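Have a look at the structure below, then the notes.
These numbers were taken from a predicted model, which means no experiment stands behind them. When a ligand or atom number is given, it counts from 1 through the structure's own listing order. Counting begins at 1 with the first residue of the sequence.
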Amino acid sequence: MIKKQEDSNKNISTRLLDDEPVGMTVQVVRVMGDGAFRQRLLEMGFVRGAKVTVLKNAPLQDPVEYMIMGSHISLRHSEAAQVEVTDKDAEFCDMEDAFNGIVETEVAGVDPMADNVLRVVLVGNPNCGKTSLFNNVTGAKEKVGNYGGVTVDSKEGWFSIGGRKVQLVDLPGTYSLTEYSPEEMYVRTYIRDNHPDAILNIVDAGNLERNLYLTTQIMDMNIPMVVALNMWDELEKSGDKLDIEMMSRLLGARMVPLTAYNGHGVKDVLQATMAAIDESEQETMHHNVNYGPLIEDSLKELGEMCPELDRYTVLKIIENDQHAIELLNNKDDAETVKSRATELRQLIERDFNSDIVSIITDLKYGFVRGALAEALTPNPNRATGETKPGYSMDRLLTNRWLALPILLVLMWLMFEMTFTLGAYPQDWIESGIGWIGEWIGKAMPDGILKDLVIDGIIGGVGGVLVFLPQILILFFCISLLEDSGYMARAAFIVDRIMHRVGLHGKSFIPYLIGFGCGVPAIMATRTLENRRDRLVTILTVPFMSCSARLPAYLLLVAAFFTANQGLILMSIYLIGILIAALTAILLSKTILKHDKTQFVMELPPYRKPTARNATLHMWSKGKQYLQKMATIILAASIIVWALGYFPRHEGQTPQEQIENSYMGQMGKAIEPLVEPLGFNWQMGVSVLTGAAAKEIVVSTMGVLYTGESDATEESTSLKEKLQSATKPNGEHVFDPIVAYSFMLFILLYFPCIAALAAIKREAGWKWVAFEVVYTTGVAWLVSFIFYQIARMV
Ligand code: GDP
Ligand code: MG
């Protein structure tokens with residue numbers, strides 16, 4: 001029994017987990033430290049008596065991969081040094097003793113028709129298959145990510161069953177319902193504020209010990225719950241046997257096997273959920289974890305003092321959870337309740353001779369283990385410390401010598417594929433647009449309207465549309481990396497480097513998404529638990545070259561570099577990464593000083609990515625891109641065209657017309673500013689308009705250079721127009737140096753409006769202002785230095 005820990009601790013010698021060699025299996029004695037870090041380790045299963053195996057060091061020696069409760073967790077050395085362990089056979093605590101079964105509480109019936117809609121929420125650990133089930137049930141085109149917390153916002157969908165319409169909500173993945181991460185707080189507040197009719201708790205059946213920990217917290221919320229045992233296919237393959245009926249009885253919860261990604265069992269899960277809702281209309285017995293007499297009495301006493309709170313919240317108040325305690329504030333006797341809660345907490349801590357967080361976590365895990373000991377028969381052929389199937393690829397992909405080269409090759413492949421494979425459909429789209437332009441040119445009478453359609457709309461939007469194939473390919477690749485589980489490995493591999501610049505390996509994921517689009521990337525920083533880390537990542541993500549900048553690079557690279565096009569493109573991306581790193585270091589040393597960042601992270605098993613998910617993902621991104629084009633880019637193209645078209649003067653050459661237009665005047669006004677970078681006023685204008693969305697840089701050039709092509713030359717493509725563009729003195733406007741300086745500027749300056757909107761939402765106006773000034777300043781400086789030096793040599 002946990003109570004005895006002091007006496008038994010005297011008989012065992014403890015060491016630090018960090019000092020254990022690879023291959024060693026040990027037993028956890030306690031986790032030192034405090035706050036979020038300690039809580040997270042406890043939740044991940046680092047509780048008294050849990051067996052941990054040291055699996056491997058990351059290729060750069062830090063962090064380290066451990067196996068605990070069958071799942072793979074990575075910790076930095078500094079974190080592993082916070083865990084006290086002892087020999088794996090040392091007898092000092094028997095977790096199963098903590099199993100006291102369940103207690104039943106009477107819950108008054110609810111009228112589900114109170115608000116006319118039935119609402120069911122999906123709650124579960126990251127990567128347990130919530131989104132897969134959501135997609136299967138609602139048919140929604142939702143992203144399925146294999147990285148903790150990809151689904152950060154909740155997604156809503158609908159389905160019908162037995163003539164009733166039900167709203168299904170996909171909540172972010174979470175390991176627990178404490179107060180330490182935005183996901184946890186989100187799920188917690190969502191459930192409290194929205195009172196769903198039922199909770200559908202998705203668990204990974206192959207990892208029940210850890211997954212059911214969350215279940216024990218949900219049980220306390222006294223909301224009808226069904227547990228879907230997902231990944232049932234994997235459990236069957238592993239050779240473990242689970243007695244579902246016994247398990248349901250021990251936990252007092254309905255359990256239904258499910259294989260979400262192929263739809264097996266979906267119907268049963270939904271029917272069980274509806275049955276749970278129907279049952280809740282009558283007064284029912286609700287099942288909760290039995291924490292033993294002392295805590296149960298405390299819960300009862302405090303529960304009677306605040307009858308409006310559920311058992312979960314009352315327990316949280318005893319646990320000294322600040323968010324739960326805040327809920328007391330509008331009570332008259334808040335102070336009495338608070339001080340009684342403190343007394344009870346001290347009483348419990350004294351009795352168990354431990355701190356409240358450990359006590360409750362231990363008891364919950366003890367409950368889960370006790371139930372599993374009865375109902376789960378592990379495959380007798382698997383030894384302790386042996387990994388489950390699904391991890392064998394780690395031998396190669398996180399191999400000490402091969403991991404980094406493979407990571408680099410994968411990234412290079414991704415960008416090379418984008419460049420070469422995308423060229424074919426690009427050609428088709430290009431000729432299609434040319435054909436449409438020609439056809440309209442013949443069909444429409446001359447005049448402003450025809451100029452608007454051909455030069456403004458087709459010229460502007462068409463110039464961006466041709467890059468759709470590349471963008472689709474890029475998102476397809478990113479989606480494959482996410483779904484397969486490789487993204488978490490990438491974080492594991494690069495953490496040491498990210499740590500150098502003061503960040504967490506997890507920041508790697510937003511950065512990688514940033515190559516697609518800064519907006520989802522900025523949103524993905526929500527997986528970072530530490531606000532400082534989030535801010536630094538948010539502010540540096542825009543330096544990752546997003547796909548909207550790609551059209552400009554592709555145009556310039558194709559026009560002015562004949563050899564090594566892939567390498568030139570890659571160098572731009574690398575410079576973006578470098579500037580991001582320098583910025584992160586700078587921020588960490590100045591306005592956003594470090595507190596300790598942690599690296600606790602789960603490495604999910606490798607799973608075969610499905611073409612369906614990758615295609616859905618690609619399509620939803622493509623749709624967003626097209627929508628952006630249909631709205632912002634179309635509007636901006638027309639504005640840009642109009643600024644270049646007016647005021648009209650009779651008898652001007654097209655070149656003079658543009659030069660004297662509003663646009664030309666604006667460009668000329670900023671020309672002295674951009675001249676030291678090698679730019680002319682047309683490029684200055686493109687940069688101005690590109691602030692709305694970076695694709696517009698190209699469409700602006702498309703409009704600006706329409707009138708400039710040599711009249712005798714039949715040059716139709718923008719590329720040829722740029723190649724032949726000349727200054728008044730006859731020199732070419734562009735050469736490789738100017739083109740590269742221009743690409744650098746496009747890479748670094750002002751993130752687009754949409755990205756700023758995302759930054760505003762995540763960090764506030766102050767940081768938006770900072771970002772605008774900082775990025776544009778850096779862009780100017782880098783282009784200036786490059787151009788001046790390159791001209792000299
Ligand atoms: P979420 O993070 O909880 O939303 O989980 P996802 O729905 O994104 O799924 C994570 C991964 O598990 C994806 O690669 C899915 O294809 C995979 N997956 C989902 N359900 C199952 C299942 O029943 N069996 C197996 N083998 N894989 C699944
Ligand atoms: Mg999800």
Could you tell me whether some N/O pair between Lys608 and ligand 1 is separated by less than 3.5 angstrom? no
So does Arg607 pair up with Asp204, basic N to acidic O under 4.0 Å? yes
Under 4.0 Å from one or more heavy atoms of Asp483, ligand 1 contributes atoms 14 (O)
Is there any N or O on Cys128 that sits under 3.5 Å from an N or O of ligand 1? yes
Is it true that Tyr391 and His72 have ring centroids separated by less than 6.0 Å? yes
Within reach of ligand 1, part of Thr131 (heavy-atom separation under 4.0 Å): both
Going by an N to O cut-off under 4.0 Å, is there a salt bridge joining Arg254 and Glu279? yes
Considering only heavy atoms of Glu234, which atoms of ligand 1 have at least one such atom less than 4.0 Å away? 25 (C), 26 (N)
Taking Asn230 for its side chain and Cys128 for its backbone only, find out whether a donor-acceptor pair lies under 3.5 Å. yes
Is the shortest side-chain N to carboxylate O distance from Asp278 to Arg164 below 4.0 Å? yes
Just which atoms of ligand 1 are under 4.0 Å from any heavy atom in Asn230? 20 (N), 21 (C), 22 (C), 23 (O)
Suppose I only count heavy atoms of Asp233 and a 4.0 Å limit; which atoms of ligand 1 are within that range? 22 (C), 23 (O), 24 (N), 25 (C), 26 (N)
Is Glu79 reaching over with its side chain to a backbone N or O of Arg76, donor-acceptor style, under 3.5 angstrom? yes
If we only count N/O pairs under 3.5 Å, is Ala260 in contact with ligand 1? yes
So if I count the atoms of ligand 1 from 1 in the order they appear, which ones are less than 4.0 Å from some heavy atom of Ser132? 6 (P), 7 (O), 9 (O), 15 (C), 19 (C)
With only distance considered, is Thr259 within less than 3.5 Å of ligand 1 through an N or O on each side? no
Do the charged groups of Lys241 and Glu236 touch, with an N to O distance under 4.0 Å? no
Does Arg311 come within less than 4.0 Å of Asp220, counting only side-chain N to carboxylate O? yes
Out of Lys130, Arg607, Lys237, whose heavy atom sits nearest atom 12 (O) of ligand 1? Arg607
Can you confirm, on distance only, whether ligand 1 has an N/O atom lying under 3.5 Å from any N/O atom belonging to Asp170? no
